[in-house]
Amino acid sequence: MQKDLQFLKTRANFIRFSYIEEMEKYLLAFESRLSSKNIKVRWMSEETELVDFICKSLPKNNYNKVCFDIPKISDSFFEKKNFIKKISIDSFENNNDTAENLVIQANFGVIENGSIVFINKLSKNCFNNLEKIFVILNINDLVVRQCDLELLLYIQKEIDTSLICSDIKIISSPPSRIISKKFQLSNEDNYSSEKIEIFLLLYDNDITQMLGDNVLRETLYCINCGKCKEVCPVYQQTKEFSPIELIKYHCKEENKKSLKLFENTTLCGNCNEVCPVQINFTQLIIYQKQKFAKRNNNHEKNIDLFKIFSKRHKMNKVNSKFRRYFFIKKYFGKNKKLTNYFLNNKEDFFNITKKITQQ
Ligand code: SF4
């Protein structure tokens with residue numbers, strides 16, 4: 001079973017690699033497939049652009065009823081008073097309220113057949129009651145073939161049963177909605193149908209910037225399974241950065257000057273073990289640290305990192321109370337939560353992979 005899982009992980013890594021390495025070509029193919037099916041594709045680079053486009057496309061000057069099925073709703077949507085009336089998914093789904101527009105994040109796009117995939121989305125039953133649907137899709141969340149998607153979902157489930165995909169909705173052309181006619185002549189039908197307008201917003205979200213770096217582009221293999229967060233001892237204490245978030249944070253231009261890398265990792269390697277697409281976090285963190293040291297001519301810290309990394313086994317045997325105390329203060333002092341955790345933890349703090357996999 002373990003062997004099978006390893007094979008599937010290698011396959012998943014290959015699936016992501018094939019897409020990411022030729023992302024531009026595949027995105028253009030995806031765009032042309034969707035456009036031929038009357039789904040309007042727009043390219044968005046930043047959040048402000050995305051919000052601006054959605055607001056400008058809303059039909060009314062006031063009280064546009066919008067339902068949001070996205071992880072985080074930007075405050076910028078509500079800057080103009082009374083322009084958007086937010087409708088909760090629950091009340092929309094239960095027919096307690098109506099919405100004309102939906103903003104939803106898609107989980108995947110499938111290039112070979114130009115379809116958009118929604119997994120475990122609460123608004124799944126409401127599509128036919130809308131006028132406009134704005135679908136946000138990160139440009140790295142695409143797969144080349146439908147069978148690739150099946151494999152990715154399968155291994156997510158194998159790794160963590162809570163990620164079982166209980167509901168999947170795939171659309172490849174605009175659905176229709178039924179409209180009841182207010183004024184009809186006696187012989188006419190009471191209802192007619194109309195195509196729903198779908199905008200697919202291909203969202204860059206700093207992805208092309210990561211793509212430009214031959215090493216950091218591995219970050220884009222991520223399929224957001226959340227597993228690295230679960231096994232990260234630092235995240236469990238600080239709730240600040242999951243391993244993948246930590247790397248992505250330092251990829252952003254505005255964060256390149258603030259180095260939060262070392263105080264937010266123990267380089268334990270748990271994330272390397274569990275990642276279904278085999279992202280090598282330790283290597284990426286060291287790479288980012290090297291880049292930072294180079295930019296700032298700070299070679300001393302860089303050497304420290306290698307020293308510590310190569311001596312992880314030895315560091316676990318730092319039994320002397322004082323040595324351990326000064327070590328923790330020196331390297332994790334900037335992160336109070338983590339410092340307290342290590343100071344109170346009497347056990348090994350490097351290479352705890354073994355412990356986690358034994359659980
Ligand atoms: S383990 Fe982390 S990096 Fe790997 S796919 Fe899951 S969320 Fe992404």
Side-chain angles (χ1 to χ4, degrees), residues 2 4-21 23 70-72 105-109 117 119-120 137-144 148-165 203 205-207 209-211 213-252 255 260-261 264-289 352-357 359:
Q2 196 59 32
D4 288 351
L5 189 57
Q6 195 49 43
F7 170 75
L8 293 177
K9 280 181 168 189
T10 310
R11 181 92 193 102
N13 178 279
F14 178 73
I15 287 171
R16 296 303 287 147
F17 173 85
S18 336
Y19 171 64
I20 301 295
E21 292 306 306
M23 193 193 271
I70 50 180
K72 189 175 164 272
Q105 175 140 16
N107 297 78
F108 288 102
V117 181
I119 295 165
N120 300 345
L137 178 66
N138 285 329
I139 57 169
N140 62 329
D141 290 339
L142 282 97
V143 287
V144 180
D148 295 343
L149 180 65
E150 283 166 22
L151 184 114
L152 294 185
L153 296 179
Y154 177 78
I155 62 169
Q156 276 188 350
K157 179 193 74 151
E158 282 300 300
I159 286 171
D160 184 350
T161 44
S162 69
L163 285 169
I164 291 176
C165 152
Y203 185 26
N205 204 5
D206 290 321
I207 290 163
Q209 203 180 316
M210 285 180 235
L211 197 65
D213 187 306
N214 284 342
V215 178
L216 290 176
R217 67 168 57 172
E218 196 183 335
T219 318
L220 302 175
Y221 293 10
C222 175
I223 52 169
N224 302 317
C225 74
K227 198 67 193 165
C228 54
K229 183 188 271 190
E230 227 172 78
V231 299
C232 176
V234 183
Y235 181 81
Q236 294 311 322
Q237 292 304 312
T238 61
K239 304 285 178 215
E240 207 182 343
F241 294 102
S242 72
I244 193 73
E245 285 163 357
L246 185 66
I247 294 169
K248 284 184 176 169
Y249 176 86
H250 290 93
C251 289
K252 293 195 180 212
N255 300 332
K260 289 178 182 254
L261 272 175
N264 281 290
T265 179
T266 64
L267 293 175
C268 69
N270 287 344
C271 42
N272 294 345
E273 294 296 313
V274 295
C275 179
V277 287
Q278 298 189 320
I279 294 175
N280 190 334
F281 291 92
T282 315
Q283 193 188 321
L284 292 177
I285 287 173
I286 290 177
Y287 175 74
Q288 281 188 317
K289 182 88 167 89
I352 55 173
T353 311
K354 217 169 131 216
K355 263 197 268 175
I356 294 246
T357 45
Q359 275 172 17

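Indexing begins at 1, ligand by ligand and atom by atom, following the structure's order.
Residue-level proximity to ligand 1 for I279 is carried by the side chain, the only part with a heavy atom below 4.0 angstrom.
N107 approaches D141 most closely through the heavy-atom pair O-CB, 3.4 Å. Closest heavy-atom contact between I244 and F281: N-CE2, 3.7 Å. Across all non-hydrogen atoms, the minimal contact from V215 to L284 is O-CD2, 3.5 Å. Of all the heavy atoms in L211 and L220, the pair that sits closest is CD1-CD1, 3.7 Å.
Among the atoms of C275, no N, O or S atom falls under 2.8 Å of atom 6 (Fe) of ligand 1. Contact annotation: C228 places an N, O or S atom under 2.8 Å from atom 2 (Fe) of ligand 1.
A salt bridge does not link E218 with R16: every distance from a Lys NZ or Arg NE/NH1/NH2 to an Asp or Glu carboxylate oxygen is 4.0 Å or more. Between K227 and E230 there is a salt bridge, since at least one side-chain N of the basic residue sits less than 4.0 Å from a carboxylate O of the acidic one.
Short contacts between ligand 1 and G226, defined as distances under 4.0 Å to a heavy atom of the residue, involve ligand atoms 6 (Fe), 7 (S). Residue I223 has at least one heavy-atom neighbour below 4.0 Å for each of these atoms of ligand 1: 5 (S), 8 (Fe). Under a 4.0 Å criterion applied to the non-hydrogen atoms of I244, ligand 1 contributes the atoms 3 (S). Short contacts between ligand 1 and F281, defined as distances under 4.0 Å to a heavy atom of the residue, involve ligand atoms 3 (S).
For atom 6 (Fe) of ligand 1, the nearest protein heavy atom (residue, atom name, distance) is C225 SG, 2.3 Å.
The option from S242, P276, C222 that lies nearest to atom 8 (Fe) of ligand 1, judged by heavy atoms, is C222.
Not a single heavy atom of Y221 sits less than 4.0 Å from an atom of ligand 1.
Y19 and D148 form no side-chain donor-acceptor contact under 3.5 Å, judged by distance and modelled atom types alone.
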